[in-house]
There are 4 protein chains.
Amino acid sequence: MTTRAGHSRHRRPGRPREEATEQAITLAARQVLADRGVARMSMEHVAARAGVAKSTLYRRWPSKVELAVHAVAAVFDEIEVGDHGSLAADMRAGVDEAARLLRDPSTGGAYAALLAESARDPEGVGVAVRGSLSTRLHALVATSVERAIGRGEITPEMVDVDLLADVVVGSVMHRALATGVPDEAFVDGLIELLADVAYARLSRAARNAGT
Amino acid sequence: MTTRAGHSRHRRPGRPREEATEQAITLAARQVLADRGVARMSMEHVAARAGVAKSTLYRRWPSKVELAVHAVAAVFDEIEVGDHGSLAADMRAGVDEAARLLRDPSTGGAYAALLAESARDPEGVGVAVRGSLSTRLHALVATSVERAIGRGEITPEMVDVDLLADVVVGSVMHRALATGVPDEAFVDGLIELLADVAYARLSRAARNAGT
Amino acid sequence: MTTRAGHSRHRRPGRPREEATEQAITLAARQVLADRGVARMSMEHVAARAGVAKSTLYRRWPSKVELAVHAVAAVFDEIEVGDHGSLAADMRAGVDEAARLLRDPSTGGAYAALLAESARDPEGVGVAVRGSLSTRLHALVATSVERAIGRGEITPEMVDVDLLADVVVGSVMHRALATGVPDEAFVDGLIELLADVAYARLSRAARNAGT
Amino acid sequence: MTTRAGHSRHRRPGRPREEATEQAITLAARQVLADRGVARMSMEHVAARAGVAKSTLYRRWPSKVELAVHAVAAVFDEIEVGDHGSLAADMRAGVDEAARLLRDPSTGGAYAALLAESARDPEGVGVAVRGSLSTRLHALVATSVERAIGRGEITPEMVDVDLLADVVVGSVMHRALATGVPDEAFVDGLIELLADVAYARLSRAARNAGT
DNA sequence: CACTAATCGAGACGGTACGTCTTGTCTTAGA
DNA sequence: TCTAAGACAAGACGTACCGTCTCGATTAGTG
């Protein structure tokens with residue numbers, strides 16, 4: 001639908017969209033999101049902060065939630081997944097990063113709010129959330145796992161990436177929002193838990209191989 | 001449960017609250033919650049459905065969110081934690097129950113929405129959510145763990161109940177809302193993961209004892 | 001209906017009404033009336049200010065408006081109609097008094113508000129207002145006129161007391177509320193107007209007598 | 001009348017207001033006013049009757065009272081002040097018209113209620129009432145008086161238009177609301193009273209001229 | 001002295017309206 | 001065609017009152 005320039009040399013008729021506008025809106029949305037949370041983020045506020053008319057927002061995103069998804073996705077895009085040399089180190093870095101992100105109430109709250117909207121409208125918002133947000137997080141986990149497989153630390157059978165992603169993100173999110181700040185002790189505990197799983201599977205694999 | 005001001009024989013002055021009203025409202029709130037989700041649950045609707053004036057709602061709960069917390073807590077109160085004979089069986093029953101509950105978009109969505117509100121207002125809603133909802137879930141996990149300790153299956157040092165609760169509830173919730181329905185395969189995977197943790201810790205304990 | 005003691009020696013059964021209560025309420029009502037006007041005078045406020053339960057108010061007056069009528073009537077009862085020696089002097093004193101009273105927004109506004117309610121409910125409030133308030137004002141004018149007749153300054157045929165009362169009270173009220181403060185110039189002008197009427201009628205009477 | 005920002009060709013930005021809306025609201029307001037009086041006129045009702053959202057009402061009038069002022073002013077605007085040939089005839093017509101208008105409880109009551117509100121909020125409502133309603137009535141009286149001066153029936157020194165307006169409107173209003181219906185006898189009496197004033201002043205002027 | 005009958009304070013209750021806020025759509029002028 | 005500005009219908013929010021009601025506690029007179 002959106003003919004995001006680039007490959008298409010055919011310009012659409014009429015006045016072209018202001019380049020700066022989309023970024024200004026996204027930035028404004030993230031700020032309002034941080035200030036007031038998803039529920040209290042209003043299109044009116046975002047438009048005012050971006051110095052843009054409300055209709056411009058609706059021309060680009062069909063609803064408030066979609067804009068919120070877009071704005072949160074922009075936050076998630078900043079996550080770096082460097083190679084830290086070992087599965088253990090990668091895992092710690094990943095969990096730390098997740099904790100850092102979700103500890104911020106504006107990001108954690110926004111993510112939870114969008115998950116909630118997902119539940120209400122699985123086909124509309126749900127698809128957008130899954131497509132834009134959850135797959136991003138999933139990809140981060142997958143990258144680490146694949147790297148570990150590449151290094152020979154584990155085998156593909158040992159890990160269900162989907163499950164692992166849900167466990168890591170879900171645990172951290174629940175800790176951040178429902179129980180308390182995910183402090184270092186919590187991160188350590190979660191890492192240890194995952195390490196124990198790896199240990200159990202590796203030792204079982206070794207035993208099986210030994211047989 | 002509420003020991004109204006110490007002496008339970010001293011009634012509060014004024015006309016006593018209608019017994020039936022609170023239940024009618026809670027029921028209506030749960031229905032509206034299921035029908036339309038937290039965001040679209042309106043006090044107006046709840047009042048109408050309960051056959052009660054809006055002011056009666058506000059006399060009992062300071063805001064929509066607090067009523068929603070109460071209504072969701074009522075759902076959580078129905079969870080049964082029976083003794084299934086072994087930690088493994090208890091765990092499976094617990095995870096199954098969590099999956100059953102959160103799979104329902106109205107419950108899962110409501111829970112996520114309330115967590116999101118928690119992030120926006122940690123002192124008000126946050127306290128209510130933690131006090132009413134999260135501690136309930138925590139208690140369920142704690143019960144199973146204590147039973148396992150009683151049976152001698154594990155020792156207290158082997159498990160951080162707080163962490164375990166976040167892992168179970170968080171993973172299931174994230175699966176339910178962000179990734180897809182938490183089907184039997186997912187539940188199996190999660191159980192296996194937890195079992196592997198137990199295996200690792202038990203074998204390590206055995207090794208230490210052996211030394 | 002109300003067996004206001006005195007002639008009836010039979011007391012009503014049950015606990016008698018607190019003597020002080022009625023006065024406390026009336027006073028509180030007048031204060032709230034002065035503070036916030038009739039429209040914003042609330043039974044809740046009056047009760048609180050009088051240190052009395054709302055039901056006590058309703059036990060004595062059937063509605064807010066009736067209580068307001070009672071409270072304003074209490075103000076009107078304080079009006080003194082002394083004999084100033086001549087019709088002119090009595091008239092000036094009367095108009096001055098009316099101006100003094102209605103100039104106070106709380107009294108003037110209350111009176112107007114009650115007249116407005118009269119229009120909405122002529123049989124209920126209207127009767128109360130006419131019975132308690134308007135007749136009081138009418139009586140004041142009548143007293144002055146009768147005194148003037150007694151002194152031989154005018155004859156009964158020369159003046160329609162009803163009309164005169166409406167003219168004096170109505171003019172002053174309208175000036176106070178709609179046009180501006182009824183200052184000395186206004187009072188002078190009104191007196192002069194009435195004096196001219198008297199002049200015209202006296203001179204006509206003299207001419208007729210001369211014929 | 002409203003010279004929107006000087007240049008009348010420069011339109012205000014944004015979607016222009018629906019022409020029909022203001023009239024529909026005014027009409028609905030007058031109907032509700034007539035049905036239920038100012039106190040019971042509700043924005044909700046007016047909006048529903050006008051087929052308009054409540055926010056549209058509040059976009060144009062800051063509060064219920066301001067809309068009521070507007071609606072009553074619309075009634076007053078229908079008053080015709082024709083030339084009836086003589087001061088006496090004009091006066092009779094004017095008083096008749098005032099009596100006709102204020103005899104209707106919905107108009108009389110509304111006017112009184114707005115005067116009452118004026119007393120409560122002299123700067124807000126008061127200014128609106130004086131500006132919209134009282135000056136209208138004043139203008140009607142002024143027109144008749146000026147015509148009489150033009151005809152040479154009276155001289156400007158003989159009449160204080162402000163005072164006269166208060167006397168006519170105030171007397172009629174008080175009669176209508178506080179005392180009883182302003183019937184023909186009342187109107188006759190008031191006219192006669194005014195005529196006597198004119199007689200007194202004319203004869204005094206003649207005497208002075210004769211000196 | 002118990003009984004009856006009303007009062008009192010307190011506050012719950014069903015209603016109703018307030019004025020505010022937001023959503024998503026629309027309608028204009030101008031770029 | 002896009003943009004800014006803002007009108008519009010819809011509808012929920014949380015607050016404030018109204019007038020009624022239901023309590024327990026009080027306070028007389030009557031049997």
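Convention: sequence-line order gives letters A, B, ...; per-chain numbering from 1.
Residues from residues 55-64 of chain D that place a heavy atom under 4.0 Å from any atom of DNA chain F, listed by number: S55(D), T56(D), R59(D), R60(D). Across residues 41-52 of chain B, M41(B), S42(B), M43(B), E44(B), H45(B) each have a non-hydrogen atom less than 4.0 Å from an atom of DNA chain F (numbered order).
Atom pair E66(D):CD and dC18(E):C1' shows a separation of 15 Å (rounding to whole Å applied). Summarising the geometry, the separation between CZ on R40(C) and C1' on dC18(E) is reported as 10 Å, rounded to the nearest angstrom. Atom CD1 of I25(A) and atom C1' of dA4(F) are 12 Å apart (whole Å). We find that CG of L67(C) is positioned 13 Å from C1' of dC18(F), with the value rounded to whole Å. In this structure, R17(C) places its CZ atom 17 Å from P of dT27(F), rounding to the nearest Å.
Contact between E117(C) and A39(D) at its shortest, heavy atoms only, is OE2-CB, 3.9 Å. The shortest non-hydrogen separation linking L114(B) to V129(B) is O-CG2, 3.8 Å.
Every residue two or more places apart in sequence or in another chain that forms a ring-ring contact (aromatic ring centres under 6.0 Å, His included) with H70(B) is listed here: W61(B).
Note on D35(A) versus R30(A): no salt bridge recorded, every NZ/NE/NH1/NH2 to OD/OE distance being 4.0 Å or above. Comment: E22(C) does not engage R17(C) in a salt bridge, judged by the lack of any side-chain N to carboxylate O separation of less than 4.0 angstrom.
Looking at K54(B), its side chain comes within 3.5 Å of the base of dG14(F) through a donor and an acceptor atom. In terms of polar N and O atoms assigned as donor or acceptor, the side chain of R15(C) comes within less than 3.5 Å of the base of dT7(E) in a complementary pairing.
By the 4.5 Å heavy-atom criterion applied to side chains, T56(C) and E18(C) are not counted as neighbours.
Between P13(D) and P16(B), the residue anchored nearer the 5' end of DNA chain E, judged by the nucleotide with its closest heavy atom, is P16(B).
Checking side-chain atoms of K64(C) against main-chain N and O of V38(C) turns up a donor-acceptor pair under 3.5 Å.
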